[in-house]
Amino acid sequence: MALSHEEILAHIQAGCGDTAVVIPDSYGVVCVEVPTQQLFRLVNHLFKDQHFKFNILTDLCGVHYPEQKGKELGVVYHIQSMIHRAMIRIKVFAPIENPEIPSLTGIYAMANWMERETYDFFGIKFAGHPNLKRILNMDEMIDFPLRREFPLEDPFRQDKADYQFGR
Amino acid sequence: MSAVMIKLIFIVVVFGVSLFVAMYSTYAERKIAAFLQDRLGPNRAGPFGILQPFADGIKLFFKEEFIPLKADRWLFLMGPGFFMITALMTSAVIPFGADFIHDGKTIALQATDINVGLLYIFGVVSLGVYGILIGGWASNNKFSLLGAIRAASQNISYELAMGMSIVALVMMTSTLSLREIVDQQAGWHWNVFYQPLGFLIFIICAFAETNRAPFDLPECETELVGGYHTEFSSMKLGFYLFAEYINMFISSAVLATLFFGGYQFPWVSSMDPGLTKTILSVVVMFGKIFFFIFLFMWVRWTLPRFRYDQLMNLGWKILIPLAVVNIVLTGAVILYKMM
Amino acid sequence: MSSQIKMTETPPGIEGQGFFATSLDHVVGLARKNSIWPLPFATSCCGIEFMATMASHYDLGRFGAERLSFTPRQADLLMVMGTIAKKMGPVLRHVYEQMAEPRWVIAVGACASSGGIFDTYSVLQGIDRVIPVDVYVPGCPPRPEQIIDGILRIQDLIGNESVRRRNSEEYKKLMEEYMIK
Amino acid sequence: MRTNKEYIADFHNPDMPDIPYSTLNLGPTHPATHGIFQNVLKMDGERIVDAEQTVGYIHRAFEKIAERRPLYQITPLTDRLNYCSAPINNTGWHLAVEKLLGIQVPKRVDYMRVMIMELARISDHLICNSILGVDTGALTGFTYVYQYREKIYEIYEEICGARLTTNMGRIGGFERDFSPKVFELTKKFLVEFPKIWREFESLLSRNRIFMDRTIDTGPISVERALNYGFTGPNLRATGIDYDIRTADPYCSYEEFKFDIPVGTTGDTYDRFVVRNEEIWQSLSLVEQAIRKIEACEPGIYHADEDHYYLPPKKEVYRNMEALIYHFKIIMGEIEVPAGEVYRAVEGANGELGFYLVSDGGRSPYRLHFRRPCFIYYQAFPEMIRGQLLSDAIVVMSSLNVIAGELDA
Amino acid sequence: MGVIKLTDRIKVMERKPMSFMERIYLPAILKGMGITMSHFFKKKATISYPEEQRPMSEVFRGLHVLRRDEKGAERCTACGLCALACPAEAITMTAAERKRGEENLYREEKYASVYEINMLRCIFCGLCEEACPKAAIFLQNDKMAPASYEREDFIYGKDRLVEPFLLKQS
């Protein structure tokens, strides 16, 4: 019952019209980029449809591309159909000054923590999230550690002395 | 030597023996647990690790005394002591061996033979839970409090069933004195053969009363960290742990006395009174006690534990009705025999 | 800081005043070292190897240390196993503060001792930044043999320690350095 | 008298009036939280009104480290995700990289991977189920089965030289061929282990105390489980046979014969039973894998990819070209195509996914681990609402939340 | 709650209701006690570690050693690949040129004058051994890094890493 790419794309276009931009992917996954305003509608459409049953949000994560002006921060969703064994990759982008992306917690319960994690790492604000606060890092932290410019090691750290490390 | 002196010496000996047995129960527990689990167990402190209890004792003794800031100081101190005292008091009415007749004088191997011995045991044992309750409440910690409450409700529920299982036994023996109960069981007339159901209920309740697995809810580590003794350190903790083992020892003694003929054993009971008989009877008694202690440990290292509501269900909905049935059955049999 | 740690860790018996101060010290030391109740502060991988150490093949119980006391009040040895993140640091310190004297700390594995491969913004580079550590065990995770080695080192330390060490000036100074109590 | 179920229904009822509650901190260092995370429980006596979790206590910034490391150095990192079954993580990562680089591995490597992955699955489920026993109070079963985990460690050690954090396998294959001793040990394990596992099952699985503890504790329906992103045994316990091994086969899993056990109600007992049955299935898979490996031509243990797989040491010492490749690979200067791949494997806890974004550099541009624990642990409050404190502990250990994977 | 079927490999684990014998607790309890008792008399699995050593595999990744060649010269040429391959960044080295007359000490023209491994950082992943093009660094299969009291003790310099010369000859 494998779905062809065309079928899936047609299905996506039924969800958000012509706003979806297809990104070519050499690894066999249907990959689209949608504007932030369309995201919720599209995912809701995918979730509700009884034929295709793209009802599982497999993965959600953020990416930071500092050189793409106006579209620095992105969120990548992997949505799967358990019956048809097909996967869609949806990307949305937001500018770094005001990274606001609609939250999917209303559709998927699992999006809750994943979005909090993405907020924690990238500072992407998910509009409509019930409890958007840091999850892995300390609440006091001000930076967003997975942005590209953030160093791996905290440069101001006091808890590390070189003489103890044989360097 | 006056009779009083002899009694005093005997009491000291009984206390000493209880403490000693409790001490080595800790060692035995660790060894038995290890053996049941394909391990070796403590073997570094002394040969085969037999000095382990002393090491634990000394260590606990030299550990820092600690009273949490928000704890109720006096109750916090009182809890362990109270628990320990009640645990030790129970041994007063247990006959540990046949009478020793020397120079025409009879020396009973029992601190005191009161005619309501059974009632005494029940009374003192039910006081024991106050030690836990006080300690758990005073430490001002939620886990302790939960443990203490669990202990209290568990003990109260299981005392009922325990008492009722004994009622049937008392109907049969028509005495409350432990010595007489033991005397009645000479030969193979052990009560366990006449009261198997009563015995079963009693032993289950004994497990519950001593807070041993599968009824170790008041202190179960995986749920309540340490239960009622979470906040106790040093010798206060030592008292709690110790008293628990003493309780186990006493429960084993009571089990042996009530249902397994105490110090009676077919060949031993028919011997002439004398030193040999006394010694042998003591050996028999302790043999039975050790068997039960072993059983306690064996069960602990085998079974999963109950959940709180299941524990209550078992106590109230199964054991108590069973005990009532047992009473009725016993009554019917007695009536039938009388007719 | 590390030089200060060295000072206190020296077994008191070997400096001045004959061999061992009293036989009481000796007996108490013997008792303590054979009855270590560990508090397993297992956060990650090393915790699994600690389980292996407790289980039948290695049996920590041989050293009288199989009674795990999960409450810090009753524990003698804090075994820190696994990564301690910065978020965890205060908790670890709190647990250490709750422990009753005498108390020892063993840092098991690379993460607890030095951060290991996790040289990142969120990981504490060694727990000795928060609490004093007595013995370090290398390895990621250490084999149970190495953990037992660590316990043996701790036993040596305990056996040679004076009963009064915890009241000494040096010890107080050490605690002050870590701002504990 | 009200039953447990009626109570639970009450607490799930949104119209229930607010009850005064007390809070109880389960964790961060509670003995039942294997690993470190905190649950703040709102309690009404012993009953749980609500719960809130705090995680991140061992957050180690895996994803940040991964952005600074060449591909082969990320393997030791994946070890530490779900450390109970490190070889599965290693293999999952290698599969993701191989997908990106377009490496085809020989069949024999596939079977070798199946063998180690199923051994890892056994060792993970074994620890989860025996810890469930420990949390209900039966410690002894744990020590019996742990002896056999040690046997698995021996096999690992023979393969790669470490016990727990294995760093097993390389991109494109294995670092060395399995020695004959590996097969010998594994065969011995396959003979000995079923006996002890049956013993363990009979200690717990039909013991009423255990059944009472676990049946109807922490149930979750299929719909909610899917919505919460459950995967792995926890999802299958709810009654759906979703398994990456069949849904998106990798490592030639489609050639193997195995069943997917599913539960019916999704409660703790079902999770226990499903894991038990998966161990039996894994045992048969290991056996099949050994047979398939032995049927293959011996001596093949890696893909023939000069650019990505280290040349043999002997060549390096003599051959200049080999030395150059050696330097290039170690320095991470291999040619990595730009692109994005998502590769998931059926980890012991569920779908362990690697979303790898590469810009052609030596290290990933972005690497996201889809950690099953992190995702399904969200459902914990919903699962324990209205139940007793003891249930919370049992549910937690049957979910097999592993802190390393939870926090990454 | 029903069962959703996606594949034909499904195997539903039906739950049998408790039988009467299971309901009354005792048979299962006695069976369990039988099992534990059978282990009571079994041979114990314990290895008394400090006295007994558990055999380790040939390929076990233990403590590092810097190897010498057949003639006793140090193999390491300070190329730095091991330090590069180390995910924990635990290896530091300083290279030096071999001087005339040191041919019996160092095999190649370059050698490491300082070679330090921080054993507390090291995760014993074996990547350094794999990276070494000269078979100089090697993880022993019979030795493990010992525990110690001080953090400084774990910085292993060349004095502790290089294979003793005399042992090699005998």
Side-chain angles (χ1 to χ4, degrees), chain B residues 29-30 32-41 140-154 204 207-208 211-227 230 297-318, chain D residues 1-5 7-8 22-27 29-34 41 43 45-47 131-148 150 196 203-205 207-217 268 272 387-394 396-397:
Chain B
E29 171 117 335
R30 293 165 89 157
I32 288 170
F35 271 68
L36 290 174
Q37 298 173 348
D38 294 347
R39 299 189 282 124
L40 288 177
N140 198 2
N141 174 319
K142 279 169 190 160
F143 289 115
S144 305
L145 184 66
L146 276 175
I149 292 170
R150 280 180 176 190
S153 49
Q154 173 179 334
I204 292 171
F207 275 96
N211 299 334
R212 295 285 298 185
F215 305 101
D216 57 346
L217 289 124
E219 49 173 328
C220 56
E221 280 191 339
T222 49
E223 289 163 33
L224 297 184
V225 190
T230 305
M297 290 170 183
W298 184 11
V299 168
R300 169 168 178 185
W301 294 105
T302 305
L303 292 185
R305 75 170 70 83
F306 282 87
R307 198 172 64 197
Y308 184 64
D309 59 329
Q310 288 156 1
L311 178 92
M312 289 293 144
N313 278 341
L314 180 72
W316 289 97
K317 290 191 191 159
I318 299 174
Chain D
M1 212 161 150
R2 311 184 62 199
T3 61
N4 204 21
K5 268 194 175 160
Y7 270 113
I8 294 167
S22 59
T23 51
L24 186 75
N25 254 322
L26 208 65
T29 59
H30 189 275
T33 57
H34 312 287
L41 304 179
M43 310 275 291
E46 286 238 357
R47 238 166 242 289
I131 287 289
L132 181 61
V134 172
D135 279 348
T136 54
L139 184 68
T140 307
F142 164 76
T143 57
Y144 295 162
V145 295
Y146 209 97
Q147 293 173 34
Y148 285 84
E150 289 278 343
I196 212 81
L203 261 181
L204 287 180
S205 62
N207 184 336
R208 185 175 169 189
I209 303 177
F210 182 77
M211 287 172 86
D212 280 350
R213 281 295 297 273
T214 50
I215 288 176
D216 283 337
T217 54
T268 304
F272 176 80
Q387 307 207 326
L388 293 165
L389 176 62
S390 323
D391 294 337
I393 276 117
V394 171
M396 197 173 358
S397 65

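Below, read A as the first sequence line, B as the second, and so on, with proteins coming before strands; counting in each chain starts at 1.
For residues 140-151 of chain B, the pairs satisfying salt bridge (charged side-chain N to carboxylate O under 4.0 Å, His left out) are B:R150-B:E223, B:R150-D:E46, with sequence neighbours left out.
Atom CZ of B:F143 is separated from atom CG of D:N25 by 7.5 Å, given to the nearest 0.5 angstrom. With rounding to the nearest 0.5 angstrom, the CG atom of B:N140 is 9.0 Å from the CG atom of B:L145.
Within the 4.5 angstrom heavy-atom criterion, atoms from both the backbone and the side chain of D:D135 approach chain B. Within the 4.5 angstrom heavy-atom criterion, only side-chain atoms of D:L203, from C-beta onward, approach chain B. Contact of D:T23 with chain B is made through backbone and side chain together, with heavy-atom distances under 4.5 Å. For D:Y144, the part sitting under 4.5 Å from any heavy atom of chain B is the side chain, from C-beta outward, and nothing else.
Heavy-atom pairs under 4.5 Å with chain B were tallied for D:A392, D:G137, D:G141, D:G133; the largest tally goes to D:G137. Of the listed residues (B:L314, B:L146, B:I149, B:D216), the one with the most heavy-atom contacts under 4.5 Å to chain D is B:L146.
D:Q387 places no side-chain N or O within donor-acceptor distance of the main-chain N or O of D:T217, the cut-off being under 3.5 Å. Without hydrogens or angle criteria, D:S397 side chain to D:I131 main chain gives no donor-acceptor distance under 3.5 Å.
By the 4.5 Å heavy-atom criterion applied to side chains, D:T214 and D:V394 are counted as neighbours. By the 4.5 Å heavy-atom criterion applied to side chains, B:I32 and B:W298 are not counted as neighbours.
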- Query: Passes side chain to side chain contact (heavy atoms under 4.5 Å, CB included), D:T268 versus D:L132? Steps please.
  - Reply: CA-CA 9 Å; D:T268 304; D:L132 181 61; 4.2 Å; yes

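Residues of residues 302-311 of chain B lying under 4.5 angstrom from chain D, judged on non-hydrogen atoms, are B:T302, B:L303, B:P304, B:R305, B:F306, B:R307, B:Y308, B:D309, B:Q310 in numerical order.
Smallest separation of non-hydrogen atoms from B:W301 and B:Q37: CE3-NE2, 3.5 Å.
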